[in-house]
Each structure stands twice: as structure tokens, then as C-alpha cells.
Amino acid sequence: MTAAASHAHHQPDPPRGGPTVQRILLGAQLRRLREASGHSREAAGYRIRGSESKISRMELGRVGFKGRDVADLLTLYGVQDENRRATLLSLAEETNTPGWWHRYSDVLPGWFEVYVGLEEAASRIRCYEVQFVPGLLQTEDYARAVARLDPDVRPDDVEQRVGLRMARQRLLDRPDAPHLWAVVDEAVLSRPLGGREVMRAQLRRLAEFADLPGVTLQVVPFECGGHAAAGGPFSILRFAEPELPDVVYLEQLTSALYLDKPDDIERYLAVMERLCLDAEPVSATQDVIARILNSL
């Protein structure tokens, strides 16, 4: 139990995923309070000497929160109950505490930091990969080979990146680990990244992961031709907190997109369902891995 939780029993433990998720939760609550009190974003921005777009960023959980701003907004929205105010103000304070991944910040671009926080908080992660083994399932040597593909990466940064990836994998060992459902293209398993030995060890590791109750692994076979997600890799994250919508994450070379509009999510969920149907059934995964291992 956290120190804060032990002296305030009614306070739930902070959600996993640290500041990222707390910002999203607080932002969503502030948006609901603003709408219920009938104030525009412009009026709210004026009250905290900020702009309409600052309020918009706060409500989306894209920025940290200053206690004074939150207190002023709560007053504007007519929230007078002391307990309610105290809860929201302490949440505001927590949004500025760095997550565990902060110590990797020199190799962690800001756009990816958000993802690590969301991944840490998710109760279900579904991903589709066309080029690499999913980060949460990589061996150290494979992760090292992936990091070295970046022409600008310095040798010490390679180790930092590998360290971050291994630290992210700890979430699969937790008693409340998220369910990971990964669909990978057969090409991913057949491309001997890092050389044959590295790839063989990676395939054996995947076979172990595929046996875990919290991991579902499917392979889309070569003969499947042009499948539904020709657009490239993506992840869909789902959270236990009802206030948090699903998030679709699309990583690009130097940035990422986070989609949380219902239409986008519906579309990607439909693509994911399609991929799961096109892929070999889960029951065949071990055979596919064994076949590729034998051919390496």
C-alpha cells in the first residue's frame, strides 16, 4: 500500500501507468464538471489565465496540472465539497510525479513515453506486427539487434534501449498482468534478425510465451496475401477504468498517433478481428514456430 493510501483508507491506490493515466483521468473528470456546470472551454481558460487550447490539452490529459489551476477550475465549476476538492487536488499533484520509465528519458522520445505509461496501465493489449517481434516478447539479443538498426544510435544508447524494453516486460510477470494478444506476420518469424542463433533463441522464447495463460499469439501465414491491415503495425489498449476509452497506437519512425475517437477504435477493432480470422488458429501457433525453427 502506498503511504498516502495507508492513512486515507477511502483513497484507492493510484492507477498503474503512473502520471499518464492520472492525467487522462483527471482531465476527463474536469471536462465532465465543466460541461455539467455549463461553462465553455473559453470561459475556463479565461479563469486560469490560459487559452481555450490549454483547457483542451488539460482535458485530454496531454499536460501536467498546476494545483492552483485545478483549484480555480473547481471553484468556477461550483465544486464546494472539501473531500471532493481534496481528492482531485491530490490527483493533480500525482500527475506530475515521473513514472519508472523516466530514468530512460534520454533514449525515450516524448511520444513514446505516453505509450509506456498507457501500456503499464492497460488490462488488455492487442497488437499486430509486420516487421519485428512485439517489444514485450523480445529477447535481449533480439532487442539489441533491433536497436542497432537505427543508424543514429550510439552504443550506450543501444544498452539503454534494451534495458527499457526488458523493464517494460516485467508487466507480464505481475499478478494482475494485462492480457497480451499478439498477431504477427510470418515474415517476422522468418527474418533472422541478429543472425540465426539470436533468432532461434527468440523463437524458443516465443514458444514459451505462447504457453502462458496471459498471452495469446497468432501467426498470419505467407499465403494469406493482402490482409486487412496492409497499413502496418498497430496496438489497441484497453483499460480497467471505465472512464478511460480504448486507445489505438500507431507508431511511425519519429512520432506516434494516439487515436481514441469511437469511430477510429471501431475501425481498428474490426481490422484486428479480421486479422485474427486470417491468422492460423491459436492451436497451431506452436507448430508454426517449430516449423520455422527447423528451417533456420
Side-chain angles (χ1 to χ4, degrees), residues 17 20-21 24 60-62 101 108-138 142-143 146-147 149-150 161 164-165 168-169 171-172 177-191 193 202 206 209-210 214-222 224-241 244-282 285 288:
T20 313
V21 170
I24 295 171
L60 290 167
R62 301 272 154 84
W101 49 89
L108 189 61
W111 51 265
F112 191 59
E113 200 165 326
V114 177
Y115 178 76
V116 176
L118 291 172
E119 176 182 78
E120 182 77 6
S123 57
R124 193 181 174 98
I125 301 169
R126 298 179 73 176
C127 66
Y128 170 61
E129 284 291 347
V130 283
Q131 200 175 2
F132 304 119
V133 168
L136 290 174
L137 304 178
Q138 291 179 6
Y142 184 94
V146 172
L149 291 175
D150 179 346
R161 283 191 198 182
L164 169 64
R165 194 147 291 178
R168 279 170 54 204
Q169 292 184 4
L171 91 145
L172 294 178
H179 185 100
L180 173 65
W181 188 338
V183 179
V184 298
D185 213 77
E186 188 174 339
V188 170
L189 306 186
S190 311
R191 186 182 292 125
L193 228 164
Q202 176 64 72
L206 280 178
F209 272 121
V215 176
T216 303
L217 183 61
Q218 283 184 278
V219 181
V220 180
F222 282 130
C224 193
H227 30 80
F234 65 95
S235 301
I236 305 173
L237 304 168
R238 177 158 288 177
F239 307 92
E241 285 87 3
L244 286 181
D246 289 0
V247 172
V248 172
Y249 170 75
L250 303 172
E251 190 173 319
Q252 287 141 348
L253 262 181
T254 53
S255 66
L257 286 175
Y258 295 89
L259 311 175
D260 55 6
K261 295 199 171 53
D263 297 356
D264 291 330
I265 290 164
E266 281 309 305
R267 210 170 62 236
Y268 277 93
L269 282 169
V271 170
M272 194 56 105
E273 291 307 321
R274 183 73 252 168
L275 282 163
C276 291
L277 293 172
D278 286 351
E280 298 279 5
V282 178
T285 298
V288 174

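Everything quoted here is computed from the prediction, not taken from an experiment. All heavy atoms count here, side chains included; hydrogens, waters and symmetry mates do not.
With sequence neighbours excluded, the residues satisfying side chain to side chain contact (heavy atoms under 4.5 Å, CB included) with A240 are S123. Taking F112 as the reference, Y115 meet the ring pair (Phe, Tyr, Trp, His ring centres under 6.0 Å) condition, with sequence neighbours excluded. Under the ring pair (Phe, Tyr, Trp, His ring centres under 6.0 Å) criterion, Y268 pairs with F234, not counting sequence neighbours. Listed by chain and number, the residues in a side chain to side chain contact (heavy atoms under 4.5 Å, CB included) with P262 amount to none (sequence neighbours excluded). Under the rule for a salt bridge (Lys or Arg N to Asp or Glu O under 4.0 Å), the partners of R267 that lie at least two apart in sequence or sit in another chain are D264. For R161, the salt bridge (Lys or Arg N to Asp or Glu O under 4.0 Å) criterion is met by D150, not counting sequence neighbours. Remark: T285 engages no residue in a side-chain hydrogen bond (donor to acceptor under 3.5 Å, both in side chains) (not counting sequence neighbours). Remark: E273 engages R126 in a salt bridge (Lys or Arg N to Asp or Glu O under 4.0 Å) (not counting sequence neighbours). Under the rule for a side-chain hydrogen bond (donor to acceptor under 3.5 Å, both in side chains), the partners of E186 that lie at least two apart in sequence or sit in another chain are R291. Partners of Q218 under the side-chain hydrogen bond (donor to acceptor under 3.5 Å, both in side chains) rule, at least two apart in sequence or in another chain, are W181. Residues satisfying the side-chain hydrogen bond (donor to acceptor under 3.5 Å, both in side chains) test with Y249, not counting sequence neighbours, are E251.
To the nearest 0.5 Å, the span separating CG on D246 from CG on L259 amounts to 11.5 Å. Atom NE2 of H179 is separated from atom OG1 of T216 by 3.0 Å, given to the nearest 0.5 angstrom. Taken to the nearest 0.5 Å, the OH atom of Y258 stands 9.5 Å off from the CD1 atom of I24.
Residues R165 and G135 share a closest heavy-atom pair of CG-O, 3.5 Å. The minimum heavy-atom distance linking L171 with A177 is given by the pair O-CB, 3.3 Å. Considering every non-hydrogen atom in both V146 and F132, the closest pair reads CG2-CD2, 3.9 Å. Scanning both residues, E129 and P134, for their nearest heavy atoms gives CG-CG, 3.9 Å. Shortest non-hydrogen contact noted between L172 and P178 is CD2-O, 4.3 Å. The heavy-atom pair separating A279 from V183 by the smallest distance is CB-CG1, 4.3 Å.
Side-chain contact check for L206 versus V184: every heavy-atom pair is 4.5 Å or farther apart. For the pair L180 and F209, the minimum side-chain heavy-atom distance is 4.5 Å or more. With a 4.5 Å cut-off on side-chain heavy atoms, I236 and Y128 do not count as touching.
In terms of modelled atom types and a separation under 3.5 Å, the side chain of R191 and the main chain of Q131 share a donor-acceptor contact. A donor-acceptor pair under 3.5 Å is formed between the side chain of Y142 and the backbone N or O of V133. Q169 places a side-chain N or O within donor-acceptor distance of the main-chain N or O of Q138, the cut-off being under 3.5 Å. Side chain of E120 to backbone of R168: no donor-acceptor contact under 3.5 angstrom is found.
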Is there a side-chain contact (heavy atoms from CB on, under 4.5 Å) between L136 and V215 once you walk through the steps? CA-CA 11 Å; L136 290 174; V215 176; over 6 Å; no
Evaluate the side-chain contact (heavy atoms from CB on, under 4.5 Å) criterion for residues I265 and R238: first the C-alpha distance (whole Å), next the side-chain angles of each, then the deciding distance (0.1 Å), finally the verdict. CA-CA 11 Å; I265 290 164; R238 177 158 288 177; 5.7 Å; no
